[in-house]
Amino acid sequence: MIRTHEAGELRASDAGHQVTLAGWVARRRDHGGVVFIDLRDASGVAQVVLREEDLAHDLRAEFCVRVTGEVRRRPAGNENPELPTGDIEVSAGEIEVLSESAPLPFPVEGGGELNEDVRLRYRYLDIRRAEVAHGLRVRSRAAYLTADVMRAHRFVQVETPYLTRSTPEGARDFLVPVRLRPGNWYALPQSPQLFKQLLMVGGIERYYQLARCFRDEDFRADRQPEFTQIDIEMSFVSREDVLELAEELVGRLWSEIVGYQVPRPIPQMTYADAMSRFGSDKPDLRFGCELTDMTGYFAETGFGVFQAPHVGAVVMPGGAAQSRRELDGWQEWARSRGARGLAYVLLDAEGNVSSSGPVARHLSEAERSGLADAVGARSGDCVFFAAGTPAAARSLLGAARLEIGNRCGLIDRSAWAFTWVVDAPMFEEDGSGGWTAVHHPFTAPLPEWADKFPDSPESALADAYDIVCNGNEIGGGSIRIHRADMQRKVFDVIGLSAQEATSQFGFLLEAFKYGPPPHGGIAFGWDRVMALLAGRDTIRDVIAFPKAASGLDPLTGAPTPITPAQRREAGIDATPTPS
RNA sequence: GGUCCUGUAGAGCAGUUCGGAGUGCUCGCCACCCUGUCAAGGUGGAGGUCGCGGGUUCAAAUCCCGUCGGGACCGCCA
C-alpha cells in the first residue's frame, strides 16, 4: 500500500505517529501562511495542515494526493467535535500529487440537489458524494447480511441463465440476437421464476440468488429496465415457512442497517381487506384515513351519481378549510387519474354537512344528517366520495387517501409499517371476456379452492403473499402448483390450450412429470428495499450505474446504433430456418 | 400511447404572468491578499447560442407552433 493509515480512522491516540495518507482534496482553506486541507478517502476525512505555502499552492478540489506527516493533537480550542477525527490533524511534511482534477462539473462536497442527467453523466463523481456512497455501502452490507441469513438456513446459492427463452406472458422481453442461429433470439429473463422451479424439481430444496432481472417496460421512479431481486424458493414448505424465513431476513436487515426491530410476526391482512379498507394492494399503514363503504348508505339515494354499484368515501381531516381553488384542484387531480371527478362535501363548525359544494344539495336531509357519523368525520373535515365499480372507486379513493396523507402531513416519516397482504385473487378479467392470472399461472390456489377454482374463477383465491413496507410492495411470492392436473385446470381457465402450454412452458411441464416436490418461494425487490434502508426516494440512488428515466445511460451513451457489419453478423434481419 | 412539470454562465436558482439592451442571486472557477480554519475570510476578474428550429412583432429568455433532453404520473410492468 502506498499509505500507512486511513484518514477517517485517525484518533488522538495516534498523536506523535508519522503517517502516510492517500485520498482526495475535499476542501482547501488557504490562510496564506497556513493552509488546511480536508483529505477524504473511503474511510472518512482528516485535516491536513501545511505551513509551507508552496506545498499547498497548486492543490485544488478533488486532486488525488499522498500526504506524509505527523499526527498531532490540535491546539487547544481548535478541536472540531463534529468530526470523528476532529481531535487531531496531520502536519504535512511532504505532499505528492498523484493525479490532478479538472474543474468539477458539480460540487462533490456539500450535497445539494442536482439534475439527474449531470449526475449520471459524471456518475463516478456522484459516487464520491456522500449520499450515493452511503447507498452503495448499505447495499453491500445488505447483501452480506442476506448471505448470512440464507447460509444459516443452508440455502444453496445458484446462478441462473441470463440468456434464455422468450416467454409470451408478462412484460416485454429484452431480446438478444444469436449469431450462430441467425434469426433466432435469446431473451433476458424477466425473473428466474421458471428456473427456480426447475431447481426444486432438481432436489436443491432451498435456493436463493441475488438475481438480475430485465423488463422492457416504461419507467417510473422505482423502475429500471434491469433490476435486482433476492430470489428464494423452498421445497416441502407451507406458506408459513416462507413467511417466517422472509421475516427473519427483513428483521435482520432492518435491525442491523437502520437499528429498527421489526415487530414479528408481521401482521397479515387479506387482499380483500386491503382493497376495501385502503383502496390498495400495498397499503401504507403509517396513517389511518381508512375508506368507508357507503354503498348501503346511499342505496336509496336520489342523487344519480351515487346510484352506482359501489360508493366509497374517505375523510380529509380539516379539509373543509380548503379554498374553492384547492377543491377544484382535487377535481383536476382526479381527472388526471382518469376519473370523472371527486365528489365532496364539507362539514361546518357544528359538524353538519355544509350546503356549499356541488354535491350537498343533491342529498336528502336524512342523508346529510347521518353522513358525518357514517364516515367517521368531524367538524371541519372534507369527505371525498367515489362511485362506480368497486375496483375503480376504491382505486381512486386509495390514491386520494395517499394524497391526503401527504398533504396533511399525516405520515410519520420515521415510522416503519410492515404488513403481509395475503390471499390475492387467482384470476382477473382480461378485458375480452376471459381470465388471466393475477400473479403467474403457476401460483397455487388456497387449499380450500383447490377443487373449485375452475367453477368460480372470479372469486378463487391464490396461496400468494406480498410483503408491504410503508406503502411499497417490497416482495411477493406464492406456493406453486406442483401437480400436472391442477396446472392443466389453471391453463384451461386462462384459455391456454394444451398445445399453447406445451409450446410456451413445455420444458417446465415436462419437468413436472418427474416427481416435482411441493414448493413455494418469494422474491424481494432489492432496489426498493435498499432505497428504503438508505432513506432515498428513488432506486437510482442505490444503483451504481442506473439508466435515466428515458432508458438511456448518459454516462456511456448506451444504447447506440450498431454498424451494418454488426447487424449482418448478429443475424438480426435473418429469417429463422425451421428446425 | 397519454397527461403534467422542467430546461437561463461549470452547478443550483430568480427573471417568463403583463415582450423593451443577457438584468440578477448563491456556489464554483482564475489572480492577488491573508498564520488556526473546518461551508474560512477579503479584493478584483473571467465566464451566456436564455436546450434547438421555425413563426408573430419595430423588438422575444418572455407570446405561438414544432422538436430534443431531464423529472413525475396514468396506461403498461404475469
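Note that these values count all heavy atoms, side chains included, but never hydrogens, waters or copies made by symmetry. Residue numbering restarts at 1 for every chain, and letters A, B, ... go by the order of the sequence lines. What you see is a predicted model, and the numbers here were worked out from it, not measured in a lab.
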Problem set entry | Any side-chain heavy-atom pair of A:Phe384 and A:Ile404 under 4.5 Å |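 Yes. Closest side-chain heavy atoms under 4.5 Å.
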
For this session: Measure the shortest side-chain to side-chain distance between A:Arg128 and A:Glu109 over non-hydrogen atoms and say whether it is less than 4.5 angstrom.
Result: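 They are not in contact (no side-chain heavy atoms under 4.5 Å apart), so the answer is no.
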
Over how many whole Å does the gap from [X] atom [atom1] to [N] atom [atom2] extend?
| X | N | atom1 | atom2 | answer |
| --- | --- | --- | --- | --- |
| A:Gln47 | B:rA40 | CD | P | 11 Å |
| A:Leu83 | B:rA40 | CG | P | 12 Å |
| A:Asp38 | B:rA39 | CG | P | 8 Å |
| A:Phe36 | B:rC34 | CZ | C1' | 12 Å |
| A:Asp537 | B:rC73 | CG | C1' | 15 Å |
| A:Asp30 | B:rC33 | CG | C1' | 10 Å |
| A:Phe219 | B:rG75 | CZ | P | 18 Å |
| A:Glu109 | B:rU37 | CD | P | 20 Å |

Exercise. Out of B:rC34, B:rC38, B:rG70, which has the shortest distance to the side chain of A:Ser550?
Worked result: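 That would be B:rG70.
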
Problem set entry | Minimum-distance nucleotide to A:Pro107 side chain [options: B:rG69, B:rA11, B:rC30] |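 From the listed options, B:rA11 comes nearest.
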
If you compare every side-chain N and O of [X] against the phosphate oxygens of [N] (OP1, OP2), does one of them come in below 4.0 Å?
| X | N | result |
| --- | --- | --- |
| A:Arg540 | B:rA72 | yes |
| A:Arg29 | B:rU37 | no |
| A:Asn78 | B:rU37 | yes |
| A:Asn115 | B:rA11 | no |

For this session: Could you say whether A:Glu217 or A:Ala549 is positioned toward the 5' end of RNA chain B, judged by the nucleotide with the nearest heavy atom to each?
Result: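 Here A:Ala549 is the residue nearer the 5' end.
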
Problem set entry | Position toward the 5' end of RNA chain B (nearest nucleotide), A:Val34 or A:Arg28 |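 Result of the comparison: A:Val34.
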
Between [N] and [X], counting only base atoms on the nucleotide and side-chain atoms on the residue, is there a donor-acceptor pair under 3.5 Å?
| X | N | value |
| --- | --- | --- |
| A:Asp218 | B:rG75 | yes |
| A:Arg223 | B:rC76 | yes |
| A:Arg74 | B:rC38 | yes |
| A:Arg220 | B:rG75 | yes |
| A:Arg215 | B:rC77 | no |

[N] to [M] separation - [atom1] atoms, rounded to the nearest Å:
| N | M | atom1 | value |
| --- | --- | --- | --- |
| B:rG71 | B:rA59 | C1' | 34 Å |
| B:rC4 | B:rG47 | C1' | 35 Å |
| B:rA61 | B:rG19 | P | 13 Å |
| B:rC50 | B:rU37 | C1' | 39 Å |
| B:rU57 | B:rG51 | C1' | 23 Å |
| B:rG10 | B:rA46 | P | 16 Å |
| B:rG48 | B:rC34 | C1' | 33 Å |
| B:rC74 | B:rC64 | C1' | 28 Å |

Exercise. Would you call A:Asp126 and A:Arg129 a salt bridge, taking side-chain N to carboxylate O under 4.0 Å as the test?
Worked result: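 Result for this pair is yes, salt bridge flagged.
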
Problem set entry | Side-chain ion pair, A:Glu100 and A:Arg60, N-O less than 4.0 Å |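 Looking at A:Glu100 and A:Arg60, the cut-off is not met.
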
Problem set entry | Output field: ring centroids A:Tyr186/A:Tyr162 closer than 6.0 Å |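 Not close enough - the centres of the two rings lie 6.0 Å or further apart.
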
Is [X] touching bases, backbone alone, or none of the nucleic acid, heavy atoms closer than 4.0 Å?
| X | value |
| --- | --- |
| A:Pro105 | sugar-phosphate |
| A:Glu113 | sugar-phosphate |
| A:Arg119 | nothing |
| A:Val438 | sugar-phosphate |
| A:Gln193 | base |
| A:Glu403 | nothing |
| A:Glu79 | base |

Exercise. Within a radius of less than 6.0 Å around CZ of A:Arg73, do more than 12 heavy atoms belonging to other residues, nucleotides or ligands occur?
Worked result: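 Count not over threshold, so no.
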
Exercise. Can you tell me if CD on A:Gln499 sees more than 12 non-hydrogen neighbours from other groups inside 6.0 Å?
Worked result: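 No, not enclosed.
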
Problem set entry | Nucleotide paired to B:rC76 in any strand shown, Watson-Crick or G-U, under 3.5 Å |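 Base partner found: none.
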
Exercise. Ring of A:His31 versus six-membered ring of B:rA40: centres under 5.5 Å and planes under 30°?
Worked result: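 Yes; by the centre-distance and plane-angle rule, A:His31 counts as stacking on B:rA40.
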
Exercise. Taking the six-membered ring of A:Trp330, is the NZ or CZ of A:Arg407 close enough (under 6.0 Å from the centre) and on axis enough (within 45°)?
Worked result: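 Flagged: A:Arg407 positioned over aromatic ring of A:Trp330.
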
